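So that the names make sense, note that chain A is the first sequence line, chain B the second, and so on, each numbered from 1. All figures in this text were calculated on a predicted structure; none of them were measured in a lab.
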There are 2 protein chains.
Amino acid sequence: MQEYVRGMNNQTSDGPLTLRDVAAAAGVSLATADRVVNGRPGVSAKTARKVHEAVQRLGFRPLAAAAELARARSWRFAAILPGGGNRFMMDIADNIRAQAGWFRARRIGVEIVEADVFDADTLAAQLAALPGRFDGVALVALDHPRIRAAIDDLVEGGMAVVTLVSDAPSSRRQHYVGIDNIAAGRTAGSLVGRFLGPPRNGETGGAVGIITGSGSLRDHAERRFGFGQVLAEEYPHLTCLMPAEGRDDPDRNRDLVRRMLADTPDLVAIYNTGEGSVGIGEALAEAGLVRKILCVGHELTPATRRMLLDGSFAALVAQDPGHEVRSMGRVLHALVTGQEIVAAQEHIRVQVILRDNLP
Amino acid sequence: MQEYVRGMNNQTSDGPLTLRDVAAAAGVSLATADRVVNGRPGVSAKTARKVHEAVQRLGFRPLAAAAELARARSWRFAAILPGGGNRFMMDIADNIRAQAGWFRARRIGVEIVEADVFDADTLAAQLAALPGRFDGVALVALDHPRIRAAIDDLVEGGMAVVTLVSDAPSSRRQHYVGIDNIAAGRTAGSLVGRFLGPPRNGETGGAVGIITGSGSLRDHAERRFGFGQVLAEEYPHLTCLMPAEGRDDPDRNRDLVRRMLADTPDLVAIYNTGEGSVGIGEALAEAGLVRKILCVGHELTPATRRMLLDGSFAALVAQDPGHEVRSMGRVLHALVTGQEIVAAQEHIRVQVILRDNLP
DNA sequence: GGCATTCTGATGTACGCACCTGAAATTCCG
DNA sequence: CGGAATTTCAGGTGCGTACATCAGAATGCC
C-alpha cells in the first residue's frame with residue numbers, strides 16, 4: 001500500500017472524509033478512486049471492487065462543491081416556453097430570470113426560447129436545432145408524436161431533457177417538472193361539489209360549465225378528465241356541459257360564458273381548466289351573477305388573485321412557478337453533472353388557494 | 001496596477017468572471033477583493049469603494065461551489081424539537097435525517113435535540129447550553145419571556161437562530177421557518193364555512209367545536225384566532241364553542257369530542273388546531289356521525305391521510321415538513337456563511353389538502 | 001521457440017478549478 | 001522611527017482530468 005498523501009493532508013483519521021481517504025484505504029491513487037466513484041471506465045473489476053468496498057465501509061460521499069469546482073465547465077440550458085401573453089408562462093419566465101443568480105453561481109446560462117407550442121412542426125424544428133448549443137432543455141411539451149420523436153432524438157444525442165408544466169410521458173424525457181394534472185382536475189371537481197353542497201329540497205343539482213384552453217395540451221385534457229371523474233363519481237346530481245375551447249384567451253372566454261349563461265338557465269358553476277379567467281369574471285359581472293355562480297380556476301396571477309379577493313372566484317387550483325423553476329434548475333443541473341435527483345424534493349404540489357391562504 | 005495572475009489564469013478577457021478579474025479591475029490583490037466582497041474588516045473605505053465599483057461594473061457573483069470549498073470549515077446545527085409522540089414533529093425529525101446527505105455535502109452536522117417545549121425553564125436552560133457546541137439552532141419556540149431572552153442571548157453570542165413551525169416574533173431570531181398560522185386558521189374557517197353552506201330554510205347555522213393543543217404555543221393560538229375571525233366575519237350563522245384543550249393527545253381529544261357531542265345537539269363541525277385528530281375520528285365513529293359532522297384539521301400524517309380518504313375529515317390545512325426542513329437548512333447555512341436569503345424561496349405555503357390532491 | 005517491439009489497458013502524477021485566510025510584508029501616520 | 005492599519009503572499013479546500021507511466025499481452029522477426 002502506497003502513500004499518496006502530502007502536505008498537511010495526512011490526517012486520515014479525523015476531519016471530514018475525502019476521496020483521498022478512500023483511495024488510501026483501498027490502496028489506490030486518487031485518480032483511480034475518482035474513476036470508480038464516478039463510474040468512468042479504465043479500471044479493472046478487482047480494483048473497482050476494492051474501492052467500492054472502501055467507499056461503503058467509510059461511508060464516503062463526495063463533497064458537491066469540490067466536484068463542481070473541479071469540473072470547471074459551464075452549462076447552457078434552454079427553456080422553451082409558449083409565446084403569446086399567457087400570464088402563467090410569463091411568470092415562469094420571470095422566475096427563470098429571477099433565478100439568474102442561482103444559475104450563474106453554478107456556471108449555468110439559461111436562455112428562454114419562445115415557441116409556438118401549438119404547432120408541432122415548428123416546435124420539433126426548434127428542438128432539432130438545440131444540440132451543440134445547449135446541454136439541457138426544459139420544454140412545455142405538446143404531447144404529439146412528432147414532438148415525442150424530437151425529444152427522443154435529443155435524449156439520444158446526450159442532452160438532458162425535462163418537460164415543464166405539461167408532460168409528454170411516452171417520450172424519453174428524463175423528468176417531468178409539474179403537477180399531476182388529473183389530481184388537479186379532481187381537486188377542482190371536489191371543490192365545486194363541496195362548495196355547492198347537496199341539492200336543496202326539491203331542486204336538481206344544476207349544470208357545471210367547463211372552459212378549457214385547448215385540446216392539444218395534455219395538462220388541460222387531464223384536468224378535464226379528473227374534474228369529470230369526480231363529478232360523475234361523487235356529485236352525480238351535477239351535470240357537466242360540453243367543454244368549450246377558449247384558447248386561454250379572456251375575450252373568447254367572455255363570449256363563451258355569455259353564451260353559456262344564455263343557453264343554460266340552471267348553470268350553477270364554471271370551471272376553467274386554463275388561463276384567461278378574467279373573461280369569465282367579466283361575463284358574470286355583466287350579468288350580475290358574481291358570487292351567484294361558483295367559479296373555480298387555475299393558477300395564481302394578478303387577475304385571478306383579484307377575483308379571488310372580490311369573490312368572483314371561490315378557489316384556485318395552482319402550481320407554484322417558483323418551485324417549478326427551481327426544481328427545473330436542480331434537476332437539469334443534477335442530470336448534466338450526474339448527481340442524484342431527490343424525488344421527494346422535486347415533487348410539485350397541487351395547491352388549493354382560497355382567499356385566506358393567498359401567498 | 002499590478003499583475004496578480006499566474007500560471008494559465010492570465011485570461012482576464014474571456015471565460016467566466018472570477019474574483020481575480022474583479023481584483024485586477026480594481027487594482028488590488030485577490031485577498032483584498034475577497035475581503036470587500038465578503039464584508040470582512042481590514043480594508044480602507046477607499047479601496048472598498050474601488051472594489052465595489054468593479055463588482056458592479058463587471059457584474060460579478062462569486063461561484064458558490066468555490067466559496068464553499070474554500071471556506072473549508074464545518075458547521076454544527078441543532079434542531080430543538082418537542083419530544084413526545086407528536087407525529088408532525090416526528091416527520092420533521094425524519095426529514096432532517098433524510099436530508100443528512102444534503103447537510104453532509106455542505107459539511108453540516110445536524111443534531112436533533114428533544115426538548116420539553118412546554119417548560120420554559122428547562123427549554124431556556126437547554127438553549128443556554130448550546131454555545132460552543134453549535135453554530136446555529138432551529139427551535140420550535142415557546143413564546144415566553146424567558147425563551148425570548150434565551151434566544152436573544154444566543155444571537156448576541158453570534159449564533160444563528162431560526163424558529164421553526166412556531167415563532168417567537170419579538171425575539172431577535174434571524175428568521176422564522178413556518179407558515180402564517182393566522183392565515184392557516186382563516187383558511188380552515190373558510191373551508192368550514194363554505195363546506196357547510198348557507199343555513200337551510202328554517203334552520204339555524206349550528207355550532208362549531210374547536211379542539212386545540214395548548215394555549216402556550218403561539219401557532220395554535222394564532223390558528224384559533226384566524227378561524228374565529230373568519231367565522232365571525234363571514235359565517236355569523238355559525239357559533240364557535242369554547243376551545244377545548246386536548247394537548248395534541250388522541251385520547252384526550254376523543255373524550256373532549258364525546259363530551260362535545262353529548263352537550264351540543266346542534267354541532268355541525270369540528271376544527272382541530274393541532275395534532276391527535278385520530279381521537280376525533282374515533283369519537284365520531286362511535287357515535288355513527290362520520291361524514292355527518294364536518295371535520296377540518298391540520299397536518300398530513302398517516303392518520304389524517306386515512307381519515308381524509310375515508311371521509312372522516314373533509315380537508316386538512318397543512319405545512320410541508322420537507323420544505324420546512326430544507327428551508328431551515330438553507331437559511332441556517334446562509335446565515336453562518338453570510339450569504340443572502342432569498343425570501344421568496346423560503347416562504348412556506350399554507351396548503352389545503354383534500355382527498356384529491358393528497359401528495 | 002526466443003526475444004525485441006509495439007500496443008493496449010490500467011494506474012498514477014500533477015496541476016487547475018475559484019475562492020478563503022493566517023502570516024508576512026508594506027504603507028501610513030503621528 | 002515605531003506601531004497600527006492596510007495590503008499582499010502563499011498555501012490550503014476536495015475533486016476532475018490531461019498526460020505520463022507501466023505492466024502485460026500481442027505481434028513480428030530471425
With sequence neighbours excluded, tell me which residues meet side chain to side chain contact (heavy atoms under 4.5 Å, CB included) with B/R76. B/E111, B/F134, B/D135

Thinking salt bridges, do A/E346 and A/R330 make one under a 4.0 Å N-O criterion? yes

Sorted by chain and residue number, the ring-ring contact (aromatic ring centres under 6.0 Å, His included) partners of A/H333 (sequence neighbours excluded) come out as none

Closest listed nucleotide, where the reference is the side chain of B/T47 and the choices are D/dT7, D/dT17, C/dC19: D/dT7

Assign each of A/N38 and B/A48 the nucleotide of DNA chain D bearing its closest heavy atom; nearer the 5' end lies the nucleotide of B/A48

Does the Lys NZ or Arg CZ of A/R104 fall within the cation-pi geometry relative to A/W102 - under 6.0 Å from the ring centre and within 45° of the axis? no

What integer distance in Å separates B/K46:NZ from D/dA5:P? 17 Å

Of all residues at least two apart in sequence or in a different chain, which pass the side chain to side chain contact (heavy atoms under 4.5 Å, CB included) check with A/A70? none

Checking C/dT11, D/dC15, C/dC19 against the side chain of A/T18 (C-beta onward), the nearest is D/dC15

B/R71 has a side chain; which of C/dA18, D/dC15, C/dT21 sits nearest to it? C/dT21

Qualifying side chain to side chain donor-acceptor pair (under 3.5 Å) pairs, either residue in residues 147-162 of chain A, two or more places apart: A/D143-A/R148, A/R148-A/S170, A/E156-A/R172

Please give, in whole Å, the distance from C/dA18 P to A/E68 CD? 11 Å

Expressed in angstrom and rounded to an integer, what is the separation of A/L17 atom CG from D/dG14 atom C1'? 11 Å

Summary of protein contacts for nucleotides 22-30 of chain C, nucleotide by nucleotide, where a base hit scores B, a sugar-phosphate-only hit scores S (4.0 Å, heavy atoms): BB-------

Provide the full list of side chain to side chain donor-acceptor pair (under 3.5 Å) pairs with a residue in residues 88-97 of chain A, sequence neighbours left out, each pair given once. A/R87-A/D91, A/D94-A/R97

For B/S44 and D/dA5, is the shortest distance between a side-chain N/O and OP1 or OP2 below 4.0 Å? no

Identify the two heavy atoms, one from A/I151 and one from A/R173, that lie closest to each other, and give their separation to 0.1 Å. CG2-N, 3.9 Å

Indicate, with a heavy-atom threshold strictly under 4.0 Å, whether A/R107 touches base, sugar-phosphate, or nothing. sugar-phosphate

Tell me, which of residues 49-65 of chain A have any heavy atom that sits under 4.0 Å from an atom in DNA chain D? A/F60, A/P62, A/L63

In chain order, what residues pass the side chain to side chain contact (heavy atoms under 4.5 Å, CB included) check against B/V342, with sequence neighbours excluded? B/Q345

Among all residues two or more places apart in sequence or in another chain, which pass the side-chain hydrogen bond (donor to acceptor under 3.5 Å, both in side chains) test with B/D320? A/R349

Using a 4.0 Å heavy-atom cut-off, does B/V37 contact any base of the nucleic acid, only the sugar-phosphate backbone, or nothing at all? nothing

Figure out the CZ/C1' separation between A/R20 and C/dA14, and round it to whole Å. 12 Å

A/V28, nearest nucleotide to its side chain (from C/dC19, C/dC17, C/dG12): C/dG12

Which nucleotide in the list D/dT17, C/dT11, C/dT21 gets nearest to the side chain of A/R40? D/dT17

Rounding to an integer number of Å, can you tell me how far B/L69 CG sits from C/dC19 P? 12 Å

Which nucleotide in the list C/dG12, D/dT8, C/dT11 gets nearest to the side chain of B/T32? D/dT8

